[in-house]
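Okay, so here's the structure we're looking at.
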Amino acid sequence: MASVAPAPSTARPAPAGERKGIPGRSGKFNRVDPVFYAFLLPALVLFTIAITVPAITGIVYSFTNSIGFGESEFIGFLNYAVLFSDPAVLSSYGFTLGFSVVTVVLVNLIAFFLALGLTSRIRFRNALRSTFVIPMVVSGIIIAYVFQYLFSNSLPQLGQAISNPVLSQSILANADLAWIGVVLVTAWQAVPSALLIYIAGLLSIPGDVYEAAQIDGASGRQRLWSITLPLVAGYIVINVIVGFKNFINSYDIIVGLTNGGPGTATRSVAMTIFTGFTGGDYAYQMANAAIFFLIAIAIAVLQLRVTRGRAAIR
Amino acid sequence: MTASPHFLNRPVSRRAVLGGLGALGVTGLLAGCAPSGGRTDITFFMSKTEVLEHFTELISEFNSSQSNVRVILDSSSNIAATFVRGNPPDIACFTYNLEMARFMERGALSDLSDVSIASQIRPEVQELVDQYATYPGRTSVIPWSVTAAAVIYNQDIFEEQGLEVPRTWTEFTEVCEALVAAGITPIYGTYRDPWTIAQGHFDYTVGGSFDTAEFFEKMKEQGPQVGIDSSVSFQKDFFEPMERMVQLNEWSNQNAASRGYGEGNFAMGAGEAAMYMQGPWALTEIEKTAPDARLGNFPLPMTDDPDDLRVRVNLDLALWIPEESQKKDAAREFLEFLTKPEVQDTYNQQFLAFGTRQDAPPQEDPRVAELQSFYDEGRFYQGPSKAIPLTIPAEGYIQAMMTGSSIEGTLRTMDNDWRRLAVRS
């Protein structure tokens with residue numbers, strides 16, 4: 001599982017470095033001071049020990065029938081073959097991807113419009129900004145337990161009060177609706193960090209651009225559509241990428257809210273992989289982790305391409 | 001940047017200083033680890049939070065009673081991870097289940113057939129260990145404490161309504177209907193926590209219907225052939241019990257799907273329902289909010305023959321010493337201490353459990369005493385939900401059936417999962 005998370009984050013800084021560039025990058029071979037390599041070394045060593053070696057070990061295990069301990073034998077691609085026909089695994093991918101897409105859209109819509117509001121001339125702007133950032137500093141599992149209480153007790157009471165049959169039961173206990181609860185709570189926690197990035201983005205747009213537009217008679221909607229959006233496009237891409245990467249790795253909030261239930265309706269890939277440790281199905285879930293790792297790399301590469309293009313425009 | 005040798009020189013000296021400090025620290029640590037005064041330190045794994053305090057007292061009693069061995073409690077490790085790392089505890093007192101059986105099956109637990117208690121364990125109880133797996137020629141696990149779970153019932157409500165403890169399924173349905181007619185919730189369900197349905201409703205209905213140990217024995221033999229045509233399958237053998245399990249919904253609180261274990265214990269303490277499908281661990285929890293609640297226990301009847309009544313048991317605590325331990329002799333000394341009748345029996349009495357020796361005294365607590373005769377006569381089974389490997393998300397499936405998913409479809413999924421697992425392991 002650990003092997004999955006870092007892929008995009010380590011890849012991300014690359015374009016920035018290349019873009020701003022070390023002077024004379026295009027030159028044949030600029031003599032680089034060896035001290036730069038020395039700076040790189042600790043990170044490289046730690047990354048190798050903590051990420052690369054375990055990742056490779058895990059992939060080797062995925063070709064065995066190991067339970068994580070004791071003797072085991074190589075069984076080739078059997079784990080992978082079974083994996084692709086395992087509805088429990090496939091449905092966890094379906095849930096995770098669907099949930100991530102919905103959450104990314106929701107988070108970015110809310111955060112963007114909230115940022116627009118919080119960068120305009122409103123009263124109590126600073127106080128409001130601090131308030132909206134609070135969810136970010138609370139641990140996911142605590143948020144999940146608090147919301148679980150709200151969904152199981154407070155919301156059903158409200159539902160009974162307005163005699164709505166759907167809301168009278170906890171939506172977390174409803175296999176068709178539980179995912180909505182997971183999306184809402186995840187979004188609640190994820191909005192602040194996206195918000196901060198959007199606020200930074202909006203503040204980076206020089207005021208004279210708007211002044212010029214206003215003089216030319218552009219309406220508010222035109223200004224939003226033709227000035228603000230293109231100029232913060234890079235930030236949107238960053239938020240979408242970072243958000244998506246976080247959401248496909250979802251674990252703590254789901255564990256606290258539904259623990260994958262009802263049934264297996266909200267079991268994420270990360271949770272499925274983790275069952276390999278508790279259930280002694282080590283090698284099989286290592287194969288799952290390897291696939292998940294490849295998907296994460298694919299997403300990271302795709303995102304790198306997109307950001308690089310975006311950077312060129314700016 | 002112009003990095004001069006000047007710049008590079010400075011960190012070298014700093015590194016030397018840091019390195020020196022590090023070395024000092026390491027020596028300090030090593031000194032701290034050394035056995036003090038020639039005693040052997042052993043790690044003892046015990047993670048049952050409700051009884052940690054009791055065990056802390058036992059450990060200090062043992063540590064001060066002799067000067068060879070010092071026991072250090074480990075209550076937080078992930079036990080599977082310690083085996084994977086090759087660094088298991090020296091001795092453990094731990095729930096014995098299918099997941100632990102994996103380690104035993106591969107010879108990770110040492111032979112204890114020559115410890116003094118080994119010959120005194122009741123054969124039917126030792127048999128519970130073997131139901132999961134065996135390792136040829138070894139007694140790898142010593143059962144220490146057995147808990148029996150059944151239907152907890154509120155004796156006050158039963159008396160007020162003039163109800164008898166049901167001994168057949170028909171009587172049980174009559175009790176439920178009588179309670180409904182009196183405006184009392186018959187059963188309190190806490191479906192939000194899937195384990196509560198799995199160990200309660202599911203295990204009681206299946207375990208009360210047929211011999212589940214034999215069923216899983218056959219399921220293992222069938223392995224990759226499990227399906228609608230195999231001699232045993234979830235689809236065929238579990239269908240009727242599952243129908244009855246879902247039927248329990250009719251007699252349960254309306255909001256069962258959004259209630260959890262804690263809320264259930266509280267509700268039972270407050271007398272909000274007459275029956276509760278939980279084990280003795282819930283009794284000690286209920287006691288916290290309702291110390292005077294008059295509660296009893298009866299096995300859920302699934303047939304119309306009172307002779308078929310069975311209670312669900314589990315090896316709540318069992319002792320084992322890993323093969324990899326370098327301090328087996330010291331660990332055995334502690335094992336001998338824990339298996340002294342006064343130590344073992346005191347624990348089992350206090351925590352509403354049953355002893356494992358042939359001469360273990362009966363449980364006297366009125367809340368579970370009704371189950372003693374079933375335990376004595378060997379009329380018990382291990383929870384079938386615990387015989388399903390954790391890879392198959394059985395608790396989730398059970399919760400789904402309970403909250404409206406198709407029984408037939410869910411059981412078919414379980415068969416498919418079982419088959420897939422058998423193919424690759």
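Just so it is clear: chains get the letters A, B, ... in the order the sequence lines come, proteins before strands, and each one is counted from 1.
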(request) Kindly determine whether A:Y93 and A:N288 satisfy side chain to side chain contact (heavy atoms under 4.5 Å, CB included), including the steps that lead there. (result) CA-CA 10 Å; A:Y93 275 94; A:N288 192 1; 2.8 Å; yes
(request) Flag yes if more than 12 heavy atoms outside B:F239 fall under 6.0 Å of its CZ atom; otherwise flag no. (result) yes
(request) Pick one of side chain, backbone, both or neither for A:N174, based on which atoms fall under 4.5 Å of a heavy atom in chain B. (result) neither
(request) May I ask you to check whether over 12 heavy atoms, not counting those of B:E250, lie within 6.0 Å of atom CD? (result) yes
(message) What part of B:R259 gets within 4.5 angstrom of chain A, counting heavy atoms only: side chain, backbone, both, or neither?
(response) side chain
(request) Could you check which of B:S405, B:G107, B:A80, B:P393 has the highest count of heavy-atom pairs closer than 4.5 Å to chain A? (result) B:P393
(request) Would you check if the distance from the ring center of B:F202 to the ring center of B:F238 is below 6.0 Å? (result) yes
(request) Check whether A:N259 gets within reach of chain B through its side chain, its backbone, both or neither, counting any heavy atom under 4.5 Å. (result) neither
(message) Given 3.5 Å as the limit, does a donor-acceptor pair link the side chain of A:S163 with the main chain of A:Q160, or not?
(response) no
(message) Using every non-hydrogen atom in the two residues, find where B:Y397 and B:M414 come nearest and quote the distance to one decimal.
(response) CD1-CG, 3.4 Å
(request) Flag yes if more than 12 heavy atoms outside B:Y261 fall under 6.0 Å of its OH atom; otherwise flag no. (result) yes
(message) Among A:A173, A:G260, A:S152, which residue has the highest count of heavy-atom pairs closer than 4.5 Å to chain B?
(response) A:S152
(message) Under 4.5 Å from any heavy atom of chain A, what part of B:E395 do you find: side chain, backbone, both or neither?
(response) neither
(message) I want to know whether B:Y96 and B:W320 have ring centres closer than 6.0 Å.
(response) no
(request) Check each atom of B:Y191 against the heavy atoms of chain A and say whether the ones under 4.5 Å are side chain, backbone, both or neither. (result) neither
(message) At a 4.5 Å cut-off on heavy atoms, which part of A:I75 comes close to chain B: side chain, backbone, both, or neither?
(response) side chain
(request) Please determine, among A:N65, A:N79, A:N153, the option with the most heavy-atom pairs under 4.5 Å with chain B. (result) A:N153
(request) Could you look at B:R192 and say if it's the side chain, the backbone, both or neither that has a heavy atom under 4.5 Å from chain A? (result) side chain
(request) Check whether B:L421 gets within reach of chain A through its side chain, its backbone, both or neither, counting any heavy atom under 4.5 Å. (result) side chain
(request) Tell me, for A:S85 versus chain B, whether the close heavy atoms (under 4.5 Å) come from the side chain, the backbone, both or neither. (result) both
